[in-house]
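To start, the structure under review is shown below, and the notes come after it.
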Amino acid sequence: MSTSSISSIRGMADYLPEACEILEQVETAIRDVTDIYGYRQIRTPIVEKTDLFSRSIGEATDIVEKEMYTFQDRNGDCLTLRPEATASCVRAGIQHGLLHNQTNRLWYLGPMFRYERPQKGRYRQFHQFGIEAFGWTGPDIDAEIISLGTRLWEVLGLEETNLEINYLGSGSSRLNYLKNLKKFLKSRSAELDDYSQNRLETNPLRVLDSKNVTTQKVLEDAPEILDYLDVTERRHFDKLLKYLELTSINYQVNTRLVRGLDYYTGAVYEWKSNYLGAQNAFCGGGRYDDLVAQLGGSDLPATGFACGMERLVDLYNQTKSIKKRSGDIYVVMLGTAAENVGYPLAETLRRANISTICNCGGGDIKKQLRRAGNSNMLIAIIIGEEEAANGQLTVKPLRSGDQQLTVAQNEIINVLRLQLERETSFFR
């Protein structure tokens, strides 16, 4: 048997307690904002049939070709750890009748899996928050979803977020554009990077997303999809931009913007931040009006976005001054008589929704107070033999520098609430 230590799988990160506290702050903001906008949560399995993703995402995408965690189970079924959640939401909606002659506003949050090169903000197990809206054809729902995202960034205090938007079109307009794009790219194929050359036949739209400097130079002369939109599509896009202007949402039209999944049609968009370096997109989405029918449901329009939680948390850390604490009260107990008072007191405080931990492992008052200070609690309650005998408690503020005071046990909750307000204000 090997004596070497076991470590985590490459690209799959542990979230230690401090990181979890920050993640929970972001998740709380997500729940608050989605509730304000009237969206309801949906949860789908981590494992789905492989065919769900190959049919929805596209056979010629990097995700399906290279990045999915796919395996056979004991029954010989081909299964995949979900690389994204939109297809799962559509599958669940079809299966449970949510997408039959009705509209739905949904959101999700959970782990996804892609086998790609790990780097800052991008892992093989990552977490995604997403919005999905089913049943609306007009640009008003797209504007609402973009407003929701914009509001969330404001609540989180994110700075320098930039919205880029484009319109991919569908049907004959898209086919006509792809025909002319492919013709142009073939005429300049010698100047394209290897990745783009490989995409020429299978998925020419992905060439527009190349980060290669030489390829980007070639694309400056490429045809633009907005010139190929039909009247209805152009009207949809113009009206969406008008809605954004009415709600004072700044945007930039980027005619080279595409998404990495084949199911997108119509309006697409990304939020980017200067704080994230070269890989600066942290949230993106758009319309996918054909996906529900493609997966066996009715012909139902749909739109939404997905946001990488790791990048969102990274942005939150960089642009917001965060001071973290783990609770309110640390109970110091000196001797058996003090423990007989302290343990039931801690339960009383917890039932009053006051976060409390008790000293464990004994120790003199110096050692216990040092533990209290290191715990990031706001107040220490000190119980010695004298306090236990007299029905009193010593309350010692740990952050503000206020003087400690002696309080009767039956008055402790009211005193603590007042003192915690002061300590919390000082600590933040």
Side-chain angles (χ1 to χ4, degrees), residues 27 30-59 61 63-64 68 70 73 75-113 127-149 152 168 170-171 236 240 259 261-268 283-307 309:
E27 290 173 352
I30 288 171
R31 289 184 172 88
D32 289 345
V33 172
T34 52
D35 185 60
I36 288 170
Y37 278 80
Y39 285 71
R40 299 181 300 161
Q41 187 177 20
I42 185 171
R43 302 189 186 192
T44 60
I46 291 175
V47 180
E48 297 270 12
K49 294 179 179 178
T50 302
D51 189 47
L52 172 66
F53 302 113
S54 59
R55 286 171 60 186
S56 61
I57 296 173
E59 294 281 3
T61 60
I63 294 173
V64 172
M68 294 202 309
T70 297
D73 68 4
N75 289 326
D77 294 326
C78 191
L79 306 179
T80 295
L81 296 177
R82 63 184 183 193
E84 61 98 42
T86 294
S88 295
C89 288
V90 172
R91 190 269 311 150
I94 295 171
Q95 183 175 338
H96 300 288
L98 296 180
L99 307 184
H100 183 66
N101 294 329
Q102 56 183 301
T103 57
N104 271 285
R105 290 176 168 91
L106 305 174
W107 70 275
Y108 64 83
L109 176 65
M112 313 292 159
F113 303 84
H127 297 78
Q128 218 171 54
F129 153 62
I131 291 290
E132 314 290 356
F134 299 98
W136 291 274
T137 58
D140 46 2
I141 190 66
D142 300 282
E144 177 184 281
I145 290 174
I146 292 173
S147 295
L148 187 157
L152 179 58
L168 296 183
S170 60
H236 188 288
L240 171 56
R259 302 291 298 143
L261 311 177
D262 279 359
Y263 55 63
Y264 281 108
T265 60
V268 292
C283 182
R287 295 200 72 92
Y288 48 96
D289 290 338
D290 300 332
L291 185 58
V292 177
Q294 184 180 329
L295 293 179
S298 57
D299 187 11
L300 193 73
T303 183
F305 69 61
C307 179
M309 289 293 290

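Throughout, residue positions are numbered sequentially from 1 according to the sequence presented.
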Side-chain heavy atoms of T44 within contact of Y108, under 4.5 Å: no
Donor-acceptor pair, side chain of E84 and main chain of F53, under 3.5 angstrom: no
Minimum side-chain heavy-atom gap T86-S56 below 4.5 Å: no
Over all atoms of both residues, closest heavy-atom pair of M68 and T50: CE-CG2, 4.0 Å
Spacing of OG1 belonging to T80 relative to NZ belonging to K49, to within rounding of 0.5 Å: 12.0 Å
Distance (rounded to the nearest 0.5 Å) between L79 CG and I46 CD1: 13.0 Å
Any side-chain heavy-atom pair of Y37 and I131 under 4.5 Å: no
Contacts table for residues 141-149: side-chain donor-acceptor under 3.5 angstrom, sequence neighbours left out:
| unit_1 | atom_1 | unit_2 | atom_2 | d |
| --- | --- | --- | --- | --- |
| D142 | OD1 | R287 | NH1 | 3.3 |
| D142 | OD1 | T303 | OG1 | 2.8 |
| D142 | OD2 | R287 | NH1 | 2.7 |
| E144 | OE1 | R105 | NH2 | 3.2 |
| E144 | OE2 | Y39 | OH | 2.6 |
| E144 | OE2 | R105 | NE | 2.8 |
| S147 | OG | A143 | O | 2.9 |

Which residues share a side chain to side chain contact (heavy atoms under 4.5 Å, CB included) with N101, sequence neighbours left out: none
Distance-only donor-acceptor hits, side chain of residues 290-302, under 3.5 Å, sequence neighbours excluded:
| unit_1 | atom_1 | unit_2 | atom_2 | d |
| --- | --- | --- | --- | --- |
| Q294 | NE2 | R55 | O | 2.2 |
| S298 | OG | L99 | O | 3.3 |

R31 CZ: over 12 foreign heavy atoms closer than 6.0 Å: yes
Separation of L152 CG from C307 SG (nearest 0.5 Å): 7.0 Å
Residues which pass side chain to side chain donor-acceptor pair (under 3.5 Å) with N104, listed by chain and number, not counting sequence neighbours: R40
Residue pair S88, L52: steps toward the side-chain contact (heavy atoms from CB on, under 4.5 Å) verdict: CA-CA 8 Å; S88 295; L52 172 66; 4.1 Å; yes
Side-chain donor/acceptor of N75 to backbone N/O of D77, under 3.5 Å: no
4.5 Å side-chain heavy-atom contact, T265 and L168: no
Contacts of type ring-ring contact (aromatic ring centres under 6.0 Å, His included), residue F113, not counting sequence neighbours: none
For the student: nearest non-hydrogen atoms of Q128 and A85, plus distance: OE1-N, 4.2 Å
Residue pair G304 / Y288: nearest heavy atoms and the distance that separates them: N-CE2, 3.7 Å
Any pair counted as salt bridge (charged side-chain N to carboxylate O under 4.0 Å, His left out), so long as it reaches residues 127-140, sequence neighbours left out: none
Minimum heavy-atom distance P83-M112, with the two atoms named: O-CB, 3.8 Å
Minimum side-chain heavy-atom gap W107-I30 below 4.5 Å: yes
Gap separating the CZ atom of R82 from the SG atom of C89, nearest 0.5 angstrom: 8.5 Å
